[in-house]
Amino acid sequence: MENKKAFYITTAIAYASGKPHIGNVYDPVAADAVARFKRSQGYDVFFCTGTDEHGQKIENKATAAGVTPQQFVDGVAGQIKDIWDMLGISYDHFIRTTDSYHISAVQKIFERLLAQGDIYKDKYEGWYCEPCESFFTDTQAESGVCLDCGRPLRREHEEAYFFKMSKYQDRLMKYIDENPDFIIPDSRRKEMVNNFLKPGLQDLCVSRSSFTWGIPVLSDPKHVTYVWLDALTNYITALGFDGEQGGEKYAKYWPADVHIIGKDIIRFHMIYWPIFLMALGEPLPKKIFAHPWMLSGMDKMSKSRGNVVYPDDLIRHFGLDGVRYYLLSEMPFASDGTITYENVILRYNNDLANTLGNLVARTLSMTKKYFGGVIPSPEGTTEFDEDLKATAKAAYDGYVNNMEEYHLSDALDAVFSLARRANKYIDETAPWALAKDEEKRPVLATVIYNLLECIRILGVLLTSAIPTSAEKILASLGVNDQTLESAKEYGKLAVGGEVGESFVLFARIDSQKKLAEIEAENAAK
RNA sequence: CGCGGAGUAGAGCAGUCCGGUAGCUCGUCGGGCUCAUAACCCGGAGGUCAUGUGGUUCAAAUCCCAUCUCCGCAACCA
C-alpha cells in the first residue's frame, strides 16, 4: 500500500472564557477547509483544535458564576465543541489544556527548561488591580485604571519565572531569514522582525503566583505556568509529546505543516513558540498562516458595542454551508473582512442559490426531461464546448493553486467561475431548442453531458468549503469519488448512470422578510 | 521622520513581483430567453488606477522619488 504523506494542521486553541462569536470561528472554518482540501489530495491529515482553559480571567469568571474553574471550563469547552461540530469542523483531535496528558507534559517541559537554565526566577512588575487580582502592562495601564473594573491601579510586583528569549534570538532570526515563507502574509513577518527581533527580545514571564488556576510548577508549587508555555505546547502534547519525547503520532506528524492563527497572536507563534521548540531541541513548524479578522460592520465585534453575531444564530438562519461559504468567500487574504446580515443574504442568494443551486436544478431537470434521467453519451459538438472545458480546467488550477497559497476566497471564486460559465453555456446552446429537432439529439446529449460533468467537477471542488452541499451534488449524480484527482481530468463522468430528481440546493432567501425576522429575534433577547 | 501594509467605476476586490488593450463580483439601466430557485444570458452607463503639468522608458495601475489619507504592529488579556 502507498504510504500517504502526513499533513499536520492546527487552529489556535480557543480561550474558554465564553461563547465564541462569528469572528472567533473563522479560524477553525479556514483550517477545516484546508484540512479537507489536503485530504482530497490524498494526504494523511491530522487536524487538531481545542480550548485554552487556564488563567486569571477564567478564574474570575468562575468565581463570579459561583462555580469552580473546572466546572466553568467544562461548560464553555462543551459549548465551543458544540459550535465546532455545528460548523462541521472535521478535527481529528480536540485538545483541552486541562487534559491530564497535557498538564503532565507541560510540567515536565517546565522542569527541563528550568534545569537547563533557560528558565530563571525573577520579579514580575506591572500595574495591579487589587480587587480583580490582575496585572496590566504599561500600554494597557495608560489610563491608570483597571480595564475590568475601572478602579485605580498601583505598581506591584511578584515573584515569577522568566524564559531567556535573548539566548535564541539569533537562531530564530536566521531561521526566519532562511525561510521567508515561514509566516504569511509577508507583511506580518516584517512587523515582527522590525518591532521585536531587531530591537532585541525581552524575556518572557512564564509563571505567576497571584492566581492559582493554571498548571502548577512541580518544583515550586505556589507558581502556575503562565499562558504561552501552557497554550502553545498543545500543538505537540496533542500528538503525544510527553515533555521528553513523542510517540508514533508525534514522529509521524511533527513538525506541523501549518498553524492557522488569528493576526492577534502572531508574536507568540512566530517568536515564542519557535524558541520554546529550539530550547526543547524539537523541529519548528513549517508555516504559520495569520489570517485577518471578521469585523461586524466596520467595528470589531464586542458585547459592549452590541454588534456580536453568533455562529449558531447564523447557522439557524442560513444553514451550515451558508455560513461556511460566507466566511470563506468574504474574508480577504491579508485584510479584514466584514459581516453584516445584508451581505450574508446577498452572497447566499447570488452565489449559492442563483449561480450554483439553480445550475444544478436546471441541469438535473433537463436531464430528466430530455433523457429520462440517464447520463447521455456526448456524441455531437457545439462551438462552445472547448471554452467550457477550458474553464473547467482553469477552475481546477485556480482552486488548487489558491488553496496551496491559503488564498481561500480566491480559490472559491475560481470554482464559481465554472458555475457561471456553465450557466452561460446553457443559454449559448439553448438545449430546449435542440430538443425540438430530432436530428440535433446527439448535440443535445453533448450539452447535457457537459453540464452534468461540470456539476460533478463543481461538487468535487466544493467539498472543502461546503461539504454538505457538495456531497448532495455528487450524490445526485451517483458519484462517489471525491478525490481532487477526479476533478482534474474532464470527462470522467460515466455515461449511462442515472441522476436524481431536480432539487433545491439552496432556497432563495427573501431579504426583507429575513432581516425583519432577525431584528425581531434580537429585540426579544 | 518608530516599523509595515493599503489607496483601481456607487460598494467589495483582482491585476503591481515578470511594464505594452483597466478586469471580476455586487448594485444600476436597457434587452433577450424559458430548461431553472421572480432564477439564467446579453448589452449600456460608470474609472485621468490617491496626489504630483515628478523621474525612468518607445510605452507606467505596474519600476523610482516626493506628498497626502486610511489601516495594522510597537512586548506578555487570550
Side-chain angles (χ1 to χ4, degrees), chain A residues 12-18 24 51-58 60 124 126 134-140 147-148 160 162-163 165 185-196 198-206 208 226-228 231 262-268 271-272 290 292-293 329-330 332-338 343 346-347 349-370 407 409-410 413-414 416-417 419-420 422-435 444 447-448 451 502-510:
Chain A
I13 47 177
Y15 196 56
S17 62
N24 302 133
T51 44
D52 177 13
E53 307 190 356
H54 292 125
Q56 178 83 60
K57 196 181 268 178
I58 283 173
N60 291 351
Y124 177 78
S134 299
F135 275 98
F136 295 96
T137 62
D138 289 346
T139 348
Q140 289 173 310
L147 296 183
D148 293 329
F162 284 82
F163 186 98
M165 286 293 158
D186 193 51
S187 54
R188 300 296 171 191
R189 190 191 84 234
K190 291 177 185 154
E191 272 179 10
M192 288 301 120
V193 170
N194 291 333
N195 289 329
F196 295 96
K198 282 191 182 158
L201 290 178
Q202 291 172 22
D203 291 350
L204 179 77
C205 176
V206 291
R208 284 298 167 82
Y226 185 59
V227 286
W228 296 108
K263 64 178 184 181
D264 49 334
I265 50 176
I266 295 169
R267 188 169 88 237
F268 310 103
I271 296 176
Y272 303 144
W293 278 335
S329 63
E330 198 68 15
F333 174 65
S335 56
D336 291 339
T338 59
N343 280 338
L346 273 174
R347 273 219 104 96
N349 279 342
N350 285 324
D351 296 354
L352 296 177
N354 298 349
T355 300
L356 179 65
N358 188 39
L359 172 68
V360 171
R362 59 202 303 215
T363 300
L364 290 177
S365 157
M366 286 190 283
T367 310
K368 176 82 176 175
K369 187 178 243 174
Y370 303 139
H407 287 239
S409 65
D410 293 334
D413 188 58
F416 269 77
S417 67
R420 287 189 284 267
N423 274 319
K424 182 175 176 175
Y425 180 78
I426 297 180
D427 274 67
E428 289 168 335
T429 56
W432 50 91
L434 296 172
L444 180 62
V447 169
I448 297 301
L451 288 170
S502 179
F503 66 102
V504 174
L505 189 59
F506 294 97
R508 267 184 74 79
I509 291 169
D510 181 327

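- Using a 4.0 Å heavy-atom criterion, one finds that A/Gly262 contacts no nucleic acid atom at all.
- Counting distance only, with no hydrogens placed and no angle test, the side-chain atoms of A/Asn195 and the base atoms of B/C73 include a donor-acceptor pair under 3.5 Å.
- Candidate nucleotides B/C26, B/U37, B/C73 were compared by shortest atom distance to the side chain of A/Val504, and B/U37 ranks first.
- The closest side-chain heavy-atom distance from A/Thr355 to A/Asn423 is below 4.5 Å.
- You'll find that the side chain of A/Asp413 is closest to B/C24, out of B/C76, B/C24, B/U37.
- The residues A/Asp52 and A/Lys57 are annotated as not salt-bridged, no charged nitrogen and carboxylate oxygen being separated by less than 4.0 angstrom.
- Residue side chain A/Asn354 does not reach the base of B/A39 through any donor-acceptor N/O pair under 3.5 Å, judged by distance alone.
- For A/Asn358, the side-chain atoms get nearest to B/A39 when compared with the rest of B/C24, B/A39, B/C35.
- If you check every strand for non-hydrogen atoms under 4.0 Å, A/Arg347 touches nothing.
- Within the nucleic acid shown, A/Ile265 has no heavy atom closer than 4.0 Å to any nucleic acid atom.
- Following rounding to the nearest Å, A/Phe196 (CZ) and B/C73 (C1') show an atom-to-atom distance of 7 Å.
- Remark: B/U56 base-pairs with no nucleotide; criterion is Watson-Crick or G-U wobble with both hydrogen-bond distances under 3.5 Å.
- Shown here, B/G72 forms a base pair with B/C3; the pair counts as Watson-Crick or G-U wobble because both key distances fall under 3.5 Å.
- Comparing the C1' positions of B/U53 and B/G4 gives a spacing of 33 Å, expressed to the nearest Å.
- Between A/Leu201 atom CG and B/A75 atom P the separation is 13 Å, expressed in whole Å.
- A distance of 4.5 Å separates NZ of A/Lys190 from CG of A/Asp186, quoted to the nearest 0.5 Å.
- Rounded to whole Å, the separation between the P atoms of B/C64 and B/U57 comes to 16 Å.
- The CD1 atom of A/Ile13 sits 8.5 Å away from atom CD of A/Glu53, with the distance rounded to the nearest 0.5 Å.
- Taking 4.0 angstrom as the limit, A/Tyr272 places none of its side-chain polar atoms (N or O) nearer than this to OP1 or OP2 of B/A78.
- For A/Thr137 and B/C76, the shortest distance from a side-chain N or O to OP1 or OP2 is below 4.0 Å.
- For the pair A/Trp432 CH2 and B/G32 C1', the computed distance is 10 Å after rounding to whole Å.
- Set against B/C77, B/C35, B/A36, the side chain of A/Ile426 has B/C35 as its closest nucleotide.
- The backbone N or O of A/Ile509 sits less than 3.5 Å from a side-chain atom of A/Asn349, completing a donor-acceptor pair.
- Residue contacts shown for A/Lys369 are limited to sugar-phosphate atoms, with no base heavy atom under 4.0 Å away.
- Taking only distance into account, the side chain of A/Asn194 never meets the base of B/G2 through a donor-acceptor pair shorter than 3.5 Å.
- A/Ser417 places a side-chain N or O within 3.5 Å of a backbone atom of A/Ala414 that can act as its donor or acceptor partner.
- Going from the C1' atom of B/G46 to that of B/C58 covers 32 Å, rounded to whole Å.
- Counting to the nearest Å, the C1' atom of B/G5 and the NZ atom of A/Lys263 are 11 Å from each other.
- When heavy atoms are screened at a 4.0 angstrom cut-off, A/Arg189 is found touching no nucleic acid atom at all.
- Going from the P atom of B/U67 to that of B/C3 covers 13 Å, rounded to whole Å.
- The side chain of A/Val227 lies closest to B/A78 when the candidates are B/A75, B/A78, B/U37.
- Of the C1' atoms belonging to B/G5 and B/A9, the separation is 24 Å, rounded to the nearest Å.
- Residue A/Arg508 is classed as a base contact, given a heavy-atom separation below 4.0 Å to a base.
- Candidate nucleotides B/C33, B/C13, B/C77 were compared by shortest atom distance to the side chain of A/Ser335, and B/C13 ranks first.
- Between the P atom of B/C71 and the CZ atom of A/Arg188 lies a distance of 15 Å, rounded to the nearest Å.
- A/Gln202 CD to A/Phe163 CZ: the interatomic distance, rounded to the nearest 0.5 Å, is 15.0 Å.
- Using atom C1' as the reference point in both B/A60 and B/C49, the two lie 11 Å apart (nearest Å).
- Between A/Lys424 atom NZ and B/U34 atom C1' there is a gap of 19 Å when expressed in whole angstrom units.
- Straight-line distance between the P atoms of B/A50 and B/A61: roughly 10 Å, to the nearest whole Å.
- Contact record, A/Lys263 with A/Ala290: CA-CB, 4.3 Å, taken as the closest heavy-atom pair.
- Put simply, the side chain of A/Asp203 gets close to the backbone of A/Met165: a donor and an acceptor are under 3.5 Å apart.
- Mapped onto RNA chain B by nearest heavy atom, A/Phe506 and A/Lys190 fall at different nucleotides, with A/Lys190 at the one closer to the 5' end.
- For the P atoms, the distance from B/U62 to B/G54 is 13 Å, rounded to whole Å.
- Residue-level contact check: A/Asp203 touches the bases, meaning some heavy atom is under 4.0 Å from a base atom.
- Among B/C73, B/U37, B/C13, the nucleotide with an atom closest to any side-chain atom of A/Pro332 is B/C13.
- Among the heavy atoms of the strands lying under 4.0 Å from A/Tyr370 are primed sugar atoms or P, OP1, OP2 only; no base atom is included.
- The side chain of A/Arg362 contributes no N or O atom lying less than 4.0 Å from OP1 or OP2 of B/C40.
- Under the Watson-Crick and G-U wobble criteria, each requiring two contacts below 3.5 Å, nucleotide B/G10 is paired to B/C26.
- Nucleotide B/C40 holds its C1' atom 5 Å from the CG atom of A/Asp427, rounded to whole Å.
- One interatomic measurement links the two molecules: CG of A/Asn350 to P of B/A11, which rounds to 18 Å at whole-angstrom precision.
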